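Just the heavy atoms: all of them, side chains too, but no hydrogens, waters or symmetry mates, feed the values below. The structure displayed is predicted, hence computed values, not measured ones.
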Amino acid sequence: MVTGASSGIGAATARALAGDGFHVVCAARRAERIEELAAEIGGTAIVCDVTDTAAVQALGRQVADSHGSLDVLVNNAGGAFDAATVEQADADTWARMYDVNVLGVLRVTQALLPALRADGGGLVVNIGSTAGRVAYEGGAGYVAAKHGVAALTRTLRLEHVAEPLRFTEVAPGMVATDEFGLVRFAGDEAKRDAIYAGVAEPLTAGDVAEIVRWVASLPPHVDIDEVVVRPRAQAAQHKVHREG
């Protein structure tokens with residue numbers, strides 16, 4: 001199961017896991033996109049908004065009824081919805097970010113834990129961010145949300161240590177995808193492109209998907225607690241080499 005599978009890291013992850021032989025359930029809000037993806041990889045498409053509790057509960061029931069068990073859950077749905085300072089931030093926008101990034105992970109994980117347990121144990125991979133490690137100007141809402149993802153993942157690891165369940169956070173730095181920056185900057189392509197200006201090779205969605213694929217390929221006694229990954233040109237959140 002991959003949430004947010006309609007584009008970017010989610011779609012790339014669905015393809016990578018399918019390439020390793022998994023039957024992938026592609027979940028997202030946009031039906032047409034996930035139906036095309038599911039047809040491409042031989043998976044299943046389920047329309048689901050992770051901020052809708054009833055829809056997520058229905059998702060859990062559908063997986064249980066159709067497949068019985070679940071080997072891997074990738075909580076990828078998320079995003080940044082502003083680049084405002086704390087002084088200028090809109091509380092409703094912050095609430096939306098918390099809802100999709102943190103409460104969405106909570107809802108989906110709760111709904112799918114029975115299916116993950118059903119076959120003797122499963123893996124949960126939460127897609128976090130280096131924003132969940134350090135603060136930066138103009139990013140406090142997203143930073144707070146991704147710190148929440150990190151805390152949630154670590155807590156799950158502690159609470160379920162007696163069970164054959166694994167929990168991993170993959171925290172990427174600069175990833176150039178078509179939609180992330182457009183959503184953050186309300187469709188402003190110039191602002192999106194400025195983030196990556198002069199960076200020779202930011203990460204791609206496929207790079208992150210390959211890490212998820214690797215984590216899912218490991219023996220069940222191996223738990224990769226967290227993976228922090230940045231492009232070579234980004235040594236830290238505030239240290240980026242730009243050419244030209």
For a 4.5 angstrom cut-off between non-hydrogen side-chain atoms, does [X] reach [Y]?
X    : Y    : answer
M174 : I195 : yes
L106 : Q110 : yes
L103 : T51  : no

| field | Passing option when L70 is tested against D119, L112, L113 for side chain to side chain contact (heavy atoms under 4.5 Å, CB included) | value |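 Looking at D119, L112, L113, the match for L70 under the side chain to side chain contact (heavy atoms under 4.5 Å, CB included) is L112.
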
Closest approach of [X] and [Y], non-hydrogen atoms and distance?
X    : Y    : answer
S6   : A11  : C-CB, 4.3 Å
A5   : V2   : CB-O, 3.5 Å
G132 : A150 : O-CB, 4.3 Å
T168 : I224 : OG1-O, 2.6 Å
M1   : V63  : CE-CG2, 3.5 Å
V215 : R166 : O-NH1, 3.9 Å

| request: Could you go through the side chain to side chain contact (heavy atoms under 4.5 Å, CB included) check for Q57 and T53 one step at a time? | output: CA-CA 6 Å; Q57 291 173 344; T53 299; 3.7 Å; yes

Under a 3.5 Å distance rule, please check whether [X] uses its side chain to pair with a backbone N or O of [Y] as donor and acceptor.
X    : Y    : result
D71  : G122 : no
S129 : A171 : no
R15  : I41  : no
T3   : A77  : yes
Q237 : V134 : no
N101 : G79  : yes
R107 : D52  : no
H147 : A131 : yes

Mark yes when over 12 heavy atoms from residues, nucleotides or ligands other than [X] sit less than 6.0 Å from its [atom1]; otherwise mark no.
X    : atom1 : value
E201 : CD    : no
R232 : CZ    : no
Y98  : OH    : no
R29  : CZ    : no

| query | Can you name the side-chain hydrogen bond (donor to acceptor under 3.5 Å, both in side chains) partners of D193, sequence neighbours left out? | reply |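 D193 satisfies side-chain hydrogen bond (donor to acceptor under 3.5 Å, both in side chains) with no residue once adjacent residues are dropped.
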
Transitive ILVMFWY side-chain link [X] to [Y], under 4.5 Å:
X    : Y    : value
L59  : L37  : no
L17  : W214 : yes
V124 : V170 : no
V212 : V229 : yes
V105 : V72  : no

Return the [atom1] to [atom2] distance between [X] and [Y], rounded to the nearest 0.5 Å.
X    : Y    : atom1 : atom2 : value
L73  : L116 : CG    : CG    : 6.0 Å
E179 : R184 : CD    : CZ    : 15.5 Å
F81  : Y142 : CZ    : OH    : 9.5 Å
L218 : D223 : CG    : CG    : 9.5 Å
D92  : D99  : CG    : CG    : 11.5 Å
T44  : H67  : OG1   : NE2   : 4.0 Å

| request: Check the pair V208 / T13 against side chain to side chain contact (heavy atoms under 4.5 Å, CB included), numbers first and verdict last. | output: CA-CA 8 Å; V208 181; T13 298; 5.6 Å; no

| field | ring-ring contact (aromatic ring centres under 6.0 Å, His included) involving F185 - partner list, sequence neighbours excluded | value |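 ring-ring contact (aromatic ring centres under 6.0 Å, His included) list for F185, sorted by chain: empty.
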
| field | Check: T153/N126 side-chain N/O donor and acceptor closer than 3.5 Å | value |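 The criterion, which ignores hydrogens and geometry beyond distance, is satisfied for N126 and T153.
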
| request: Carefully, step by step, assess M97 and D82 under the rule side chain to side chain contact (heavy atoms under 4.5 Å, CB included). | output: CA-CA 9 Å; M97 280 191 280; D82 74 358; 3.4 Å; yes

| query | Is it true that R33 and E36 make a salt bridge, defined as a side-chain N closer than 4.0 Å to a carboxylate O? | reply |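 A salt bridge is absent here (no side-chain N lies under 4.0 Å from a carboxylate O).
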
| query | Is the closest basic N to carboxylate O distance between E169 and R133 below 4.0 Å? | reply |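 So E169 pairs with R133 through a salt bridge.
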
| task | For V74 and I127, run side chain to side chain contact (heavy atoms under 4.5 Å, CB included): C-alpha distance rounded to whole Å, both residues' side-chain angles, the deciding distance at 0.1 Å, then the answer. | result | CA-CA 7 Å; V74 182; I127 304 299; 4.2 Å; yes

